[in-house]
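Scope of the values below: all heavy atoms of this structure, side chains included, with no hydrogens, waters or symmetry mates. In each ligand, atom 1 is the first atom listed, and ligand 1 is the first ligand listed.
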Amino acid sequence: MLSKLPTNLPPHLNLKIIKKFTYNGDLGRARQLFDTISEPDLLSWTVLIDAYTKHGFPKEAIKLYAEFHKRNVQPDKLLLLSVAKACSASMDINKAKKIHEDSIKFGFGSDLLLGNALIDMYGKCRYSEGAIKVFACLRVKDVISWTSIASCYVNCGLPREALRSFREMGLRGVRPNSITLSSILPACSELKDLSSGREIHGFVVRNGLGDNVFVSSALVNMYASCLSITQAQLVFENMSQRDIVSWNAIITAYFLNRECEKALCLFHRMRTGGAKLNRASWNAVIGGCMQNNRPREAQEMLAQMQDLGFKPNQITITTLLPACTTLESLRGGKEIHGYVFRHWFFDDVTATTALVLMYAKCGNLELAHSVFNMMPRRDAIAWSTMIFANSMHGNGEEALSLFHRMLNSGIKPNAMTFTGVLSGCSHSRLVDEAFSIFHSMSRDHLIEPDAEHYSCMVDVLSRAGCLEEAYEFIQKMPIEPKPGAWGAMLGACRVYKNVDLGRLAAKRLFEIEPNNPGNYVLLSNIFVSAKLWGEASETRKLMRDRGITKIPGCSWVQVRNKVHTFVVGDKRNDQSDKIYRFLDELGEKMRLAGYMPNTEFVLQDVDQEEKEDLLCNHSEKLAVAFGILNLNGGSSIRVFKNLRICGDCHNAIKFIAKIVGVQIIVRDSLRFHHFKDGICSCQDFW
Ligand code: ZN
Ligand code: ZN
């Protein structure tokens, strides 16, 4: 092939042939010819860089510009423009900053055309600071500059700023066009700002822009987000032409407004009416079903989507997965896993990471591990997720070893990684390890610890029983301690029965989060176990006086794809009689095995026997009993609780797991507990 390439041609002919090759999409041969030229002119560089971006290889384009850079030739505006587009496409923020520097260096700092492209580039990279700088340097700003800065704000999650710049644009006498309007409307959607949205709608009507399909679709979206479904429908019905974007918008609108039937009906109409569906339509309907808690329909849609030859992408998969993190959908999650597996989506780090998190949150750490181990590539988020998953399940050692493996494989940790590994250390009482990692953060990894990391360290010290040190640590913190820090200390004060520090921590907590009932209950429990009845009832009175009510505890367990929910003393279940009888029998066996009911956890002033009775009917115990009665040959049950597990139940479930010979996994508001053979993975620190 190479021999057929013409060589030593005059420059204008070279350029002509390169253009022809790139026009035909033959980038390989274009590059071969380009490489034979000893000193390519600026236009040849530009043409090739442009071609790489247009054909979906922006990284190649950026690499080629790096080659150009080595030659110490001054670029022109067109060349810089083409590189800016490559940076937009690859969303490479570092390269983006570099090209911005270059454009200033070579004298294009206030050039309108290039400036607009740079603003757009920063918008795509979600770096508003850069865009603001470019925008400020423009001496003349046209409608594209204003539109670009507004949509950059929208992209960066700054809808208020977007609307502010849109208004300023109007004040400066620049008229918005249809692109401006369709870019700014999402800001109103985001803020659910119906009045600004209406104002823009008015402008659209007055200026005859209603026929623009992008503007109308954005209007449909805006009304839907502001929960004005009637308005959304009106806009949709009045559209002179509808494309797939508008159909997708109205379907999403109905789902957002919880009108699932109407959305599905419309989807049916769209399909039978011959509208050309795209993948986004399927993603909209699958996402909608999931938001409306209809995982079964979502899965049916997934199947139909594939039957019709549409390939799910990572959006489809990641839309489906987070909804699977409730117990109800573990089975659904597994089906999606099957799909990911069959279709080699394992290449997609985002989808696979979502899968890891789904399994971990559903309480199945083994599956999370095996998915993680199968990933061909792992980025910082994947590693952090796996570390976090282990911490959540109390495997501090494993979290730590994953952290070191991550560093060894050359992946840079981020703030989330450290939160994950530090909380792992706290659950497993690895104090020295935690401190050495904490100190390495700014020293070795240039990440300043934030409030979250400091809270983790307080937790590390508290759980290890170093309460005085924890208190000292909080006082020396360079940033304001978050409730999490004081909360960690208060929790530990209950376990280690430290009344004085408990009082101190609670006092601060009552100031910074006065409405959290958990803090009052914890402090009152601390007083009860120290037999300080007076102070205990004072605390409860304070809570009552402030009008704070305890959130009722609630536990749930899945049996044959149905979720069964229990509250304290629940008798609504069909099998209630069986459950209480079973717990009674179990109680006898437990006593024989050495179980002592811990009545500290009952706050009512009742006599001993009655207290024991009350302990028997906590929601987590009822759910565990129900799960065991309906094991059907299974070897483990998973119970979920909305609050922290009660101390007596924790103790009792250890006995139950041993006596019945099952593994019981309980997820409470803080972590997972794995009960097996009479012990819990948390080492009794819940
Ligand atoms: Zn209990
Ligand atoms: Zn435990």
**Student:** What does the angle at the Zn ion (ligand 2) come to, between atom SG of Cys682 and atom SG of Cys680, rounded to 10°?
**Tutor:** 110°
**Student:** Can you name the one residue among Asn414, Leu407, Leu402, Thr417 that meets side-chain contact (heavy atoms from CB on, under 4.5 Å) with Trp383?
**Tutor:** Leu402
**Student:** Can you find a heavy atom in the side chain of Ile437 that is under 4.5 Å from one in the side chain of Leu422?
**Tutor:** yes
**Student:** Can you see whether Asn390 engages His369 through a side-chain donor-acceptor pair at a distance of less than 3.5 angstrom?
**Tutor:** yes
**Student:** Of all N/O/S atoms in His673, which lies nearest to the Zn ion (ligand 2)?
**Tutor:** ND1
**Student:** So Ile411 and Asp379, do their side chains get closer than 4.5 Å, heavy atoms only?
**Tutor:** no
**Student:** What's the atom name of the N, O or S in His618 nearest to the Zn ion (ligand 1)?
**Tutor:** ND1
**Student:** Is the distance from the Zn ion (ligand 2) to some N, O or S atom of His650 under 2.8 Å?
**Tutor:** yes
